[in-house]
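Predicted model, so just to flag it, every value in this text is computed and none were measured.
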Amino acid sequence: MGEYLTVQDIALRLEVTVDTVRRWLRLGKLKGTSLGRAGYRIDEKDFHLFMHKHDAGIHFVQQSSDSQTADTTGAKKVKLPDLPTINYEQLIQSAIDPIIVRDPMSVIISWNEGARQLYGWSEDEAQGQVTHTLLQTRFPTSREDIDFQLIQHGRWEGVLYHTTKNGRQIVVETRQQLIRDEHNRPQAILEINHDITMMKRHEESLQFLARASHVLNTSLDYEETLTALINLTTSIMADICFVDFLLPDDTLRRLTQSVSSTSQTSSTYIQTQSAGQISSILPSFTDIQHPIIQALKTGQPIVTEYVDDTILRSMSLSDEHYQQILSLGITSSLAIPIIAYGKTLGVLSCCYTSASGRIYTPQDVELGREIASRAAIAVTNAQLYTEQVQARAAEESTQQFVALVENSTDFIGMATLDGITTYINPAGRALVGLDTPEDVLNRPMTDFLPEQLHYYFTDVIYKHIQEHKRWEGDLQIRHSKTGELIDVHQTFFFIMNDQKETPLCMATLARDIREQKELDQRKDTFISMASHELRNPLTTIHANLQLAERRVKSILNPTLHHELPKDVEHATSDAQLMLGRALRQTKVMNRLIGNLLDGTRIQANKLNLSLAEHDIVAILKDTIQDQREVTNLRTIQLDLAESGPILVLVDKDRIGQVISNYLTNALKYSAASEEVTVGIQRKAEEVYVWVKDHGPGLTPEQQLRIWERYYQAKGITVQSGTGIGLGLGLHICKTLITRQGGQVGVDSAPGRGSTFWFTLPLAESLDVNNL
């Protein structure tokens with residue numbers, strides 16, 4: 001014998017596999033030096049120490065049960081001590097527990113009646129088979145460790161998981177003894193098993209129910225609770241598990257589903273292909289053969305031990321559905337109704353697949369009943385709690401709303417969809433002269449409006465509410481006793497159902513604005529008087545400034561006078577510049593005063609227009625030329641789609657005022673280096689005029705409000721020219737255009753400039769008989 005040994009040397013000496021020797025080396029049970037791909041080098045002294053430590057003369061053969069088939073021809077039974085008074089063979093055969101004798105290669109030599117009764121194979125069928133292959137043994141640890149224990153100690157005890165001939169999985173408590181011959185070589189292994197499946201199942205069931213109870217009591221959100229429960233259920237009694245809840249309309253909703261991590265085929269399929277499709281295909285009450293429907297109708301668990309193709313077809317709702325569940329590989333199913341206080345809430349469904357190979361037993365059915373029962377109680381409690389919380393919150397909210405409405409100083413009313421009042425709050429009843437809540441009932445909403453507004457409410461306001469669900473504006477309502485007309489700002493709107501699809505009723509809010517109207521009228525009167533008083537001295541100042549400017553120009557005219565001294569010439573030139581600035585400021589003041597007067601005239605409905613046929617192109621050109629003379633350093637481009645005249649029926653001066661206002665704003669709110677473009681285009685029966693700038697642009701909210709009286713957009717700074725403004729210009733523009741039959745608008749976005757536009761009807765499109 002040499003100084004060093006190889007793995008192959010030791011395997012031959014001990015009659016074991018090379019893999020077994022390598023595992024001993026990896027576990028440190030046998031010392032050796034790794035040579036990388038060349039294998040191991042073992043010192044012969046270390047090998048003798050190993051043999052001495054683990055009983056010299058080990059000759060146990062470790063073979064792969066999946067690849068090794070033993071030749072049992074002529075195999076002898078294990079020779080037991082010769083006791084003439086005891087028939088050991090008869091004792092072994094008559095034992096209740098399975099007793100198996102196998103050779104060192106795990107090939108079955110002897111198989112008693114207890115083994116036949118537990119596993120289902122006869123002795124003739126079992127003999128010559130590799131034990132672990134026949135029984136599909138699952139080990140609590142690695143098989144190599146168990147074999148090593150047998151070699152080292154001569155015995156091993158533990159728990160194994162076996163599969164019977166009919167596919168049932170069982171748990172056995174096993175005691176295994178290594179039997180040696182007279183030369184201390186392994187001759188056979190005696191294995192005595194005891195079925196503890198029921199005990200294990202009972203223990204697991206109790207543990208599972210304890211965990212399930214804990215899960216069901218951790219949350220009052222029943223969907224969250226059920227999700228946690230079925231995740232737990234898949235770890236005990238299912239490869240696929242899901243819950244279907246019964247809705248009030250007798251349809252099902254798949255609440256949640258889970259796939260066991262051990263069910264690789266099913267898990268991959270559901271997670272990557274058709275989880276959504278499977279969840280969306282649910283049976284209806286017409287699918288009477290479906291296990292879920294049977295469980296709902298009978299109130300009893302529906303168990304299918306073996307799911308074959310015929311059963312799959314009966315469970316399928318379509319060819320597509322059949323292909324989906326076929327791909328899941330379902331082999332056994334269980335549908336358990338979830339019932340609480342006599343009411344069926346839904347169904348808990350559990351499935352085993354070919355990945356686990358298990359089937360459902362009566363014990364599983366009882367466990368499933370218990371799970372469903374506890375789930376039903378948890379769901380019912382959660383629903384009751386949620387309903388109580390919601391009812392309490394709704395009651396508190398209703399009380400708060402009623403208190404708010406009853407104590408509001410504004411008119412708040414409710415009506416049916418056809419406009420019959422059902423409620424008006426105390427402040428509203430006082431406003432329209434009604435004493436009691438009963439006085440409100442069965443009155444049309446038009447009863448609270450003056451007669452001249454009945455038609456307007458029916459044909460304008462109500463139609464607008466139907467189309468847009470809301471109307472808001474100023475109206476007058478009538479006091480039922482005195483007949484007094486009261487100015488109000490009123491809002492009508494629909495109250496929608498929870499899904500916001502259909503209206504339930506109509507509501508109205510009104511605020512008394514008589515005091516505000518009176519204040520506005522006083523303010524407008526004051527503004528009108530002040531504007532008139534300011535305009536007279538301003539006219540005088542402007543005339544005197546013009547006269548002074550002419551005289552200064554005449555002094556500086558060299559054709560009329562002799563050459564002036566330099567200091568006088570400089571002083572006179574400066575005076576001319578200052579007079580020019582003063583004249584421009586008087587024009588600004590005159591424009592502001594004009595806007596104030598126009599604003600008060602609009603409010604008093606006294607803004608007069610002098611309509612006649614005019615060429616809008618000519619008005620546009622004249623206005624642009626006037627603007628160019630004032631701002632000779634700015635570029636104003638004119639974009640004419642047509643060169644010919646376009647006739648409109650308008651007040652020429654007022655249209656020029658609108659164009660001038662658009663141009664002034666465009667120049668004011670864009671940089672001095674940026675050009676402004678003005679365009680005009682004929683469209684069908686109207687003309688379209690627009691002014692485009694490269695200013696800061698407007699937000700959607702600003703675009704809606706810029707036409708309001710006195711509104712000035714925040715954050716928009718003047719970039720050139722004067723910043724004086726009252727927020728009346730665009731309001732006046734809108735009023736002037738709409739009163740002449742046109743519309744105004746703006747197209748804008750922050751940072752992209754603005755295009756203000758207006759339209760006017762062509763003169764040829766107007767019916768002169770209606771003018």
Side-chain angles (χ1 to χ4, degrees), residues 539 542-543 545-546 549-550 553 576-577 579-595 598 609-682 686-695 718-725 729-730 732-733 736-737 740 742 744 746 753-760 762-763:
T539 302
H542 186 76
L545 287 172
Q546 283 181 318
E549 184 183 38
R550 291 194 191 101
K553 283 183 179 180
Q576 184 181 14
L577 291 174
L579 288 169
R581 292 194 193 101
L583 278 170
R584 287 194 293 274
Q585 292 304 314
T586 59
K587 290 180 180 178
V588 173
M589 288 293 294
N590 194 53
R591 177 172 58 81
L592 292 175
I593 292 171
N595 284 343
D598 285 342
L609 298 174
S610 178
L611 302 179
E613 275 195 7
H614 294 282
D615 178 11
I616 185 69
V617 177
I619 297 173
L620 187 64
K621 289 180 178 178
D622 291 342
T623 307
I624 292 174
Q625 185 58 37
D626 292 342
Q627 196 70 44
R628 283 172 175 165
E629 291 178 1
V630 176
T631 56
N632 55 0
L633 297 179
R634 298 297 298 273
T635 301
I636 303 176
Q637 294 287 350
L638 180 59
D639 182 3
L640 290 176
E642 297 184 24
S643 57
I646 301 175
L647 297 180
V648 290
L649 188 65
V650 294
D651 185 317
K652 177 182 177 181
D653 293 335
R654 291 299 189 179
I655 294 302
Q657 180 182 348
V658 172
I659 298 171
S660 178
N661 192 287
Y662 276 16
L663 272 171
T664 302
N665 284 346
L667 294 168
K668 184 192 301 184
Y669 295 111
S670 60
S673 60
E674 297 286 352
E675 70 176 26
V676 172
T677 307
V678 184
I680 186 169
Q681 183 181 2
R682 185 194 299 264
E686 63 182 13
V687 63
Y688 173 74
V689 181
W690 48 270
V691 177
K692 181 179 181 180
D693 63 52
H694 297 280
V718 175
Q719 298 191 42
S720 60
T722 177
I724 298 175
L730 291 176
I732 294 171
C733 289
L736 292 173
I737 294 297
Q740 294 178 79
V744 298
V746 59
S754 302
T755 300
F756 283 84
W757 54 267
F758 67 84
T759 62
L760 287 169
L762 297 174

| request: Evaluate the side chain to side chain contact (heavy atoms under 4.5 Å, CB included) criterion for residues Val689 and Leu760: first the C-alpha distance (whole Å), next the side-chain angles of each, then the deciding distance (0.1 Å), finally the verdict. | output: CA-CA 9 Å; Val689 181; Leu760 287 169; over 6 Å; no
| Point-to-point distance, once rounded to the nearest 0.5 Å, from CD1 of Ile624 to CD of Gln637 | 10.0 Å
| query | Does some side-chain heavy atom of Val650 sit less than 4.5 Å from a side-chain heavy atom of Ile616? | reply | no
| field | Pairwise distance NE2(His694) to OG1(Thr677) - rounded to 0.5 angstrom | value | 5.5 Å
| said: Could you check whether any side-chain heavy atom of Ser754 comes within less than 4.5 Å of a side-chain heavy atom of Asp693, counting everything from C-beta outward? | reply: yes
| Hey, does Leu620 have a side-chain heavy atom less than 4.5 Å from the side chain of Leu638? | yes
| message | Restricting to non-hydrogen atoms, name the atom on Thr623 and the atom on Ser660 that form the minimum distance, rounded to 0.1 Å. | response | CG2-N, 3.7 Å
| field | Spacing of Leu640 atom CG and Ile680 atom CD1 [to the nearest 0.5 Å] | value | 7.0 Å
| request: Test side chain to side chain contact (heavy atoms under 4.5 Å, CB included) on Ile737 and Val658 and set out the steps. | output: CA-CA 8 Å; Ile737 294 297; Val658 172; 4.2 Å; yes
| task | With the side chain counted from C-beta on, respond yes when Lys692 and Asp639 share a heavy-atom pair under 4.5 Å apart, and no when they do not. | result | no
| task | Answer yes or no: is there a side-chain heavy-atom contact under 4.5 Å between Ile655 and His614? | result | no
| message | Quick one, Ser670 and Val676 - any side-chain contact, counting heavy atoms below 4.5 Å? | response | yes
| Is it true that a side-chain atom of Arg682 and a backbone atom of Ile646 form a donor plus acceptor pair closer than 3.5 Å? | no
| field | Side-chain heavy-atom pair Val744, Phe756 within 4.5 angstrom cut-off | value | no
| note | With sequence neighbours left out, the residues meeting salt bridge (charged side-chain N to carboxylate O under 4.0 Å, His left out) with Arg628 are none
| said: I need the Thr759 OG1 to Gln740 CD distance, nearest 0.5 Å. | reply: 11.5 Å
| Rounded to the nearest 0.5 Å, what separation is found between the NZ atom of Lys652 and the CD atom of Glu613? | 14.0 Å
| query | What's the spacing between Trp757 CH2 and Tyr662 OH if we round to 0.5 Å? | reply | 8.0 Å
| message | Are Leu730 and Asn665 packed together at the side-chain level, in the sense that at least one heavy-atom pair is separated by less than 4.5 angstrom? | response | yes
